[in-house]
Novice: 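Have a look at the structure that comes next, please.
By convention in this document, chain letters (A, B, ...) are assigned in the order of the sequence lines, proteins followed by strands, and residues within each chain are numbered from 1.
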Number of protein chains: 2
Amino acid sequence: MMEKALPRPTDAELAILNVLWERGPSTVRDVHDALAGRQATGYTTVLKLMQIMTEKGLVVRDETQRAHVYSARTSEQKTQRQLLADLADRAFGGSPARLVMQALSGRKASAEELNEIRELLDRLEGESK
Amino acid sequence: MMEKALPRPTDAELAILNVLWERGPSTVRDVHDALAGRQATGYTTVLKLMQIMTEKGLVVRDETQRAHVYSARTSEQKTQRQLLADLADRAFGGSPARLVMQALSGRKASAEELNEIRELLDRLEGESK
DNA sequence: GCTCCACTACGAAAGTTTTCGTTGACCATA
DNA sequence: TATGGTCAACGAAAACTTTCGTAGTGGAGC
């Protein structure tokens, strides 16, 4: 059973997915309102995007209610990994490790964050043993 | 002196930048040939893209030769960091640390890579002291 | 000088993304 | 039953990305 790869979400689509991941299943109205703070987009713009996303399979919708209820088709984690793999391919010669190193050295992470990452490393190291 | 933010390169533009970073200053012919293996694009397509990239400021060109010589305006590192910061903003709630953790847990890095990353962590930890 | 070739420039077309105005349907309620 | 509000659907336009055909230019070699 081949799981068909969903297309990489565009910027505007990703903004909508973020709302769906945060709020769970939502109507267009919900998403539009949630987006209102960050983006200044019209209601029908959000609606149209979500219709397109439905066609693409990025979201699924429940039409039993008058106001259709949309859900992200793919988890946030899975999408994040897809985006990272994609970026690694396009900008890091296909090497996720190089991506990580650049991300680490590029910015000052807090001490706690560094520790978290170190613990994660320990855990990974443990698994591969 | 405000350094104006260059636009995020598109997929096709990034492919060209990769060639320029690898080869150094190159003509359109050079880039086209280098791309030939991976992409099947016509010569004029590459040319047009590089003209657009010149307008955008992503590359600069030396026109003293008949075959113009193009160079990336921004280093590979800097561009990579910009792309990572951008992705962190769009898909990781603005948190590079979360991006790193997802990148690490998402894939099996080799033991050597993990060690490299650990050393990098040590260095970072040292600096922040 | 002429011809051929490689190159840049230009413009157009196709595809994708983002935006929004308009329309018609449904439902509540006066 | 009429009115008003909310909603999905549709279509179109604007912006951006990607593609390539055609034209013109300049230099090398005959």
Novice: Could you tell me the separation between the CZ atom of A:Arg38 and the C1' atom of C:dT18, rounded to a whole number of Å?
Specialist: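 After rounding, the reported distance stands at 18 Å.
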Novice: Out of curiosity, does B:Ile52 fall in the hydrophobic cluster containing B:Val59 (side-chain heavy atoms, cut-off under 4.5 Å, transitive links)?
Specialist: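 The answer is no; the residues belong to distinct hydrophobic clusters.
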Novice: Whole Å only: how far is the CZ atom of A:Arg90 from the P atom of D:dT18?
Specialist: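 It works out to 10 Å between those atoms.
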Novice: Think B:Gln51 has a side-chain N or O under 4.0 angstrom from the OP1 or OP2 of C:dA9?
Specialist: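 So the side chain of B:Gln51 is within the cut-off, an N or O lying under 4.0 Å from OP1 or OP2 of C:dA9.
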Novice: If you take any heavy atom closer than 4.0 Å to DNA chain D, which residues from residues 52-69 of chain B end up in contact?
Specialist: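 B:Ile52, B:Lys56, B:Arg66 - these, ordered by number, are the residues of the stretch whose heavy atoms sit under 4.0 Å from the strand.
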Novice: For A:Arg118, is there an ion pair with A:Asp122 - N to carboxylate O distance below 4.0 angstrom?
Specialist: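 Salt bridge: no.
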Novice: Does a salt bridge link A:Asp11 with B:Arg8, judged by any charged N lying under 4.0 Å from a carboxylate O?
Specialist: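 Yes, A:Asp11 and B:Arg8 are salt-bridged.
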Novice: How close or far is atom P of C:dT16 from atom CG of A:Leu49, stated in whole angstroms?
Specialist: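 Distance check: A:Leu49 CG to C:dT16 P gives 16 Å.
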Novice: Just to be sure I understand the geometry, which residues of residues 39-46 of chain B put a non-hydrogen atom under 4.0 Å away from DNA chain D?
Specialist: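 Within residues 39-46 of chain B, the residues near DNA chain D are B:Thr41, B:Gly42, B:Thr44, B:Thr45.
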Novice: Decide yes or no for B:Leu47 and B:Gln51: does some side-chain heavy atom of the first lie under 4.5 Å from some side-chain heavy atom of the second?
Specialist: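 Of all side-chain heavy-atom pairs linking B:Gln51 with B:Leu47, at least one is under 4.5 Å.
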Novice: Between A:Arg61 and A:Glu63, does any side-chain N to carboxylate O distance fall below 4.0 Å?
Specialist: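 Answer for the salt bridge query: yes.
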Novice: With salt bridge (charged side-chain N to carboxylate O under 4.0 Å, His left out) as the rule and sequence neighbours excluded, what pairs involving residues 25-36 of chain A come up?
Specialist: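 For residues 25-36 of chain A, and leaving out neighbouring residues, the salt bridge (charged side-chain N to carboxylate O under 4.0 Å, His left out) pairs sorted by first residue read A:Arg23-A:Asp30.
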Novice: Taking only heavy atoms on the protein side, list every residue of residues 13-21 of chain A lying under 4.0 Å from any atom of DNA chain D, sorted numerically.
Specialist: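 DNA chain D contact set from residues 13-21 of chain A: none.
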Novice: Take the protein atom NZ of A:Lys48 and the nucleotide atom P of D:dC10, then report the distance between them rounded to whole Å.
Specialist: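 Spelled out: NZ on A:Lys48 to P on D:dC10 is 8 Å.
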Novice: According to side chain to side chain donor-acceptor pair (under 3.5 Å), who are the partners of A:Arg98, at least two apart in sequence or on a separate chain?
Specialist: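 Testing A:Arg98 for side chain to side chain donor-acceptor pair (under 3.5 Å), a comparison that skips the adjacent residues, returns none.
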Novice: Looking at side-chain heavy atoms only, is the closest gap between B:Thr74 and B:Leu17 below 4.5 Å?
Specialist: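 A side-chain contact under 4.5 Å is absent here.
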Novice: Who pairs with B:Glu13 by side chain to side chain donor-acceptor pair (under 3.5 Å), at least two apart in sequence or on another chain?
Specialist: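 So B:Glu13 forms a side chain to side chain donor-acceptor pair (under 3.5 Å) with B:Thr10, B:Lys56.
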Novice: In this structure, how many angstroms lie between the P atom of C:dT19 and the CE atom of A:Met50, rounded?
Specialist: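 Rounding to the nearest Å, CE of A:Met50 and P of C:dT19 are 14 Å apart.
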